[in-house]
Amino acid sequence: MPRWLHSLRDRLRRRQRQQRLESSLCDALVDQSRVAIMIFDEDNLLVRANEPARALTGWPLDEMLGKHYRNFIALPAELIEPGADYNRVLCSRLGTGAIEATRLDLLTRDGKVIPVMTSSAALRVHGQYRGWACFFWDIRRQIELEREALRRRQQAEELAAMAREIGMISEQDQRLSELLERACRVLDLDLAAWGMLDENREELIWTAAHGLGADQLLGPLRIVRNSPLIQTLMAGQTYIYSSGGILDPHLSPLPLHAFTVIPYRLRARSQGVLLGACRRAGALAGEDLLLFSHLGAYLSTAAENVQLLKDMRHLAVLEERQRLAGEIHDHIGQVLTFLGMRLHVVDKALAQNDLATAAEEVAGLRQVVASAHQEIRASLYDLRKSAQPRSPLLDRWKKLLDDFANRTGIATRIETPWRPTLVLPQPIEAQLTRILQEALANTRHHSGASTVTVQAHVDRATLFITIEDDGCGFDTTAPADPHRFGLTLMRERAAAIGARLTIQSARGQGTRISLELPLPSREEAEHEYEAVTHPAG
């Protein structure tokens, strides 16, 4: 045999051995791979599959072979639009290896759908297309984790929204039940409740509840001594009960068998208590328990805020009572004292049969009663307005002057080089307004003026106010009329708030009342000044 023929035979044998080795390595790669692999020929029929692919689909290997790829692979239903031929597009892309790591569905023998990530590769032998291979990764666990992560994020967002709402609660019981209902929905609870524990009396009362058995939990307080629940909460520990054993008397009426109760310290000897309960075992564990405890922390903060608000309102009521007492003492009390003194004069005149003097005194007393009546009506008007949002002082004075002008026909205006948004403490504003009202009353009754002008400006933390009319004026050196004490009251009101009041007047020259008031610190009042090019009025 020629030497060249021996050489050719040897090369053919080596190539065959190499091909057998490559084929056995490919077989080993397919068979031993942990990734599911399916190989289809140029007609899209299955010619090879490994054990992971068989396990995923549930088909016996011999029944899988020869089936079309549509028996195993499909687009997810949510990606299919009506009328579109996705099978042809999918086939062309899979067969050419154009799909890389895309989301598809793997169809099982019993009709189930398994979400998988898929990649494909075109197979060529000696440059000729012979089919394609498809690789599958089961992503059910990944999808489950993504859904769980989404659920946790939604829970966190919902609880964050609840926390913002809790911070705005002015009356705790008003919306607490609604918040507990949302907590049941977010955390998949059958019952949620909020209560208060008085450690001195060892008593627990539930103030709000939502869910299964809520009506049985609320109601009159049932005192249970030596309760494991109360003892655990008083020790500052979380009470956890799962089915089995003897249920605590506080919880025994409820148709649930898994409870978690968390205490939150509020004041020295009291606690807020948050309860969550479920019918299923193992509820409120891990992340759910952490979120539930955060909700309880928000509620306890809200409870503290509500109590502080109640305390502040109580103090405000006391302060208002003190202010009213001062009003009665300063004005009504003085009026009654004055009336009592002048009635003695009337009695004496009548005893002496001096009817002219008695009639004069009675006429003066009528004026005093009319002035007192006006003052009382102004006080009642302020009380009705006190519940409304407070506006800047000069804005309210502008309205007061407009009302005065409409009633009397006397023109009014406010002049100021600035437009202050001045808000002072209520007692100070009340006294300033009383002074203005008294000045307007004097103008209406005694001056015959046609115009009243109010000027105001701030200089070096001092508020300067002048009230001026163009009326007939009066002699400030003349003895005071015993029936008229408005000017005296104005001086007393100014002194009560630390202001200095002066009165300038002369017959035929009108009257000018000036007031200087040191402004409170910024902790007591807010005032900002915006420059304007023309006076407000």
Side-chain angles (χ1 to χ4, degrees), residues 316 319-332 334-335 370-408 410 412-416 418-445 452-458 462-469 485-503 511-520 524-527 536-537:
E319 290 178 357
E320 184 65 14
R321 288 177 178 174
Q322 291 177 351
R323 187 183 74 81
L324 289 175
E327 290 280 333
I328 294 173
H329 177 270
D330 292 344
H331 182 68
I332 299 177
Q334 293 184 21
V335 170
S371 177
H373 182 258
Q374 179 184 359
E375 186 74 16
I376 292 172
R377 290 186 63 183
S379 298
L380 293 175
Y381 176 80
D382 283 350
L383 286 175
R384 289 195 300 269
K385 301 290 286 184
S386 62
Q388 300 179 4
R390 295 177 61 193
S391 57
L393 176 64
L394 292 187
D395 287 352
R396 284 182 282 117
W397 278 20
K398 177 67 166 59
K399 186 177 184 306
L400 189 150
L401 289 171
D402 290 342
D403 292 343
F404 175 80
N406 293 332
R407 291 196 315 269
T408 64
I410 301 174
T412 62
R413 63 183 180 184
I414 292 182
E415 295 179 351
T416 173
W418 306 89
R419 188 182 299 277
T421 56
L422 181 63
V423 179
L424 297 171
Q426 181 66 30
I428 294 178
E429 289 194 357
Q431 296 288 23
L432 290 177
T433 302
R434 292 288 190 275
I435 292 172
L436 174 62
Q437 290 172 331
E438 188 65 41
L440 294 176
N442 289 339
T443 299
R444 181 183 62 188
H445 292 306
V452 176
T453 301
V454 177
Q455 298 176 325
H457 71 279
V458 175
T462 300
L463 175 63
F464 295 89
I465 297 174
T466 61
I467 307 168
E468 187 173 7
D469 66 48
F485 51 91
L487 298 180
T488 301
L489 278 178
M490 281 195 286
R491 290 190 178 95
E492 291 179 353
R493 292 185 185 282
I497 58 176
R500 186 166 69 91
L501 185 140
T502 58
I503 300 174
T511 302
R512 178 186 179 92
I513 299 172
S514 303
L515 184 140
E516 299 179 19
L517 172 67
L519 288 175
E524 301 176 75
E526 298 179 0
H527 49 92

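No experiment lies behind these values; they were computed from the predicted model shown.
A441 is linked by a side chain to side chain contact (heavy atoms under 4.5 Å, CB included) to Q374, H445, counting only residues two or more places apart in sequence or in another chain. Here T453 pairs with R413 under the side-chain hydrogen bond (donor to acceptor under 3.5 Å, both in side chains) rule; sequence neighbours left out. Not counting sequence neighbours, the partners of T466 by the side-chain hydrogen bond (donor to acceptor under 3.5 Å, both in side chains) test are Q455. In terms of the salt bridge (charged side-chain N to carboxylate O under 4.0 Å, His left out) criterion, residue partners of R512 (sequence neighbours excluded) are, by chain and number, E468.
Residue I513 holds its CD1 atom at 9.0 Å from CD1 of I435, rounded to the nearest 0.5 Å. Distance check: I497 CD1 to E492 CD gives 13.0 Å after rounding to the nearest 0.5 Å. Once rounded to the nearest 0.5 Å, the distance linking CG of L501 with CD1 of I467 reads 8.0 Å. A distance of 9.0 Å separates OG1 in T462 from NE2 in H457, rounded to the nearest 0.5 Å. Note: L440 CG to L401 CG = 6.0 Å, rounded to the nearest 0.5 Å.
No donor-acceptor pair under 3.5 Å is formed between the side chain of T412 and the backbone N or O of V452.
Closest non-hydrogen pair, G498 versus P518, comes out as O-CD, 3.5 Å. The two residues A496 and Q431 come nearest to each other via the heavy atoms CB-NE2, 4.1 Å. In terms of heavy-atom proximity, T416 sits nearest to A456 at OG1-O, 2.7 Å.
Taking 4.5 Å as the limit, every side-chain heavy atom of I465 sits out of range of all side-chain heavy atoms of L517. Side chains of L400 and L436 form a contact here, defined as non-hydrogen atoms less than 4.5 Å apart. For the pair I503/R491, a side-chain contact is recorded, criterion being any heavy-atom separation below 4.5 Å from C-beta on.
Salt bridge present: R396 and E429 bring a charged side-chain N and a carboxylate O closer than 4.0 Å. The pair K399-D395 does not meet the salt-bridge criterion, since no charged nitrogen lies less than 4.0 angstrom from a carboxylate oxygen.
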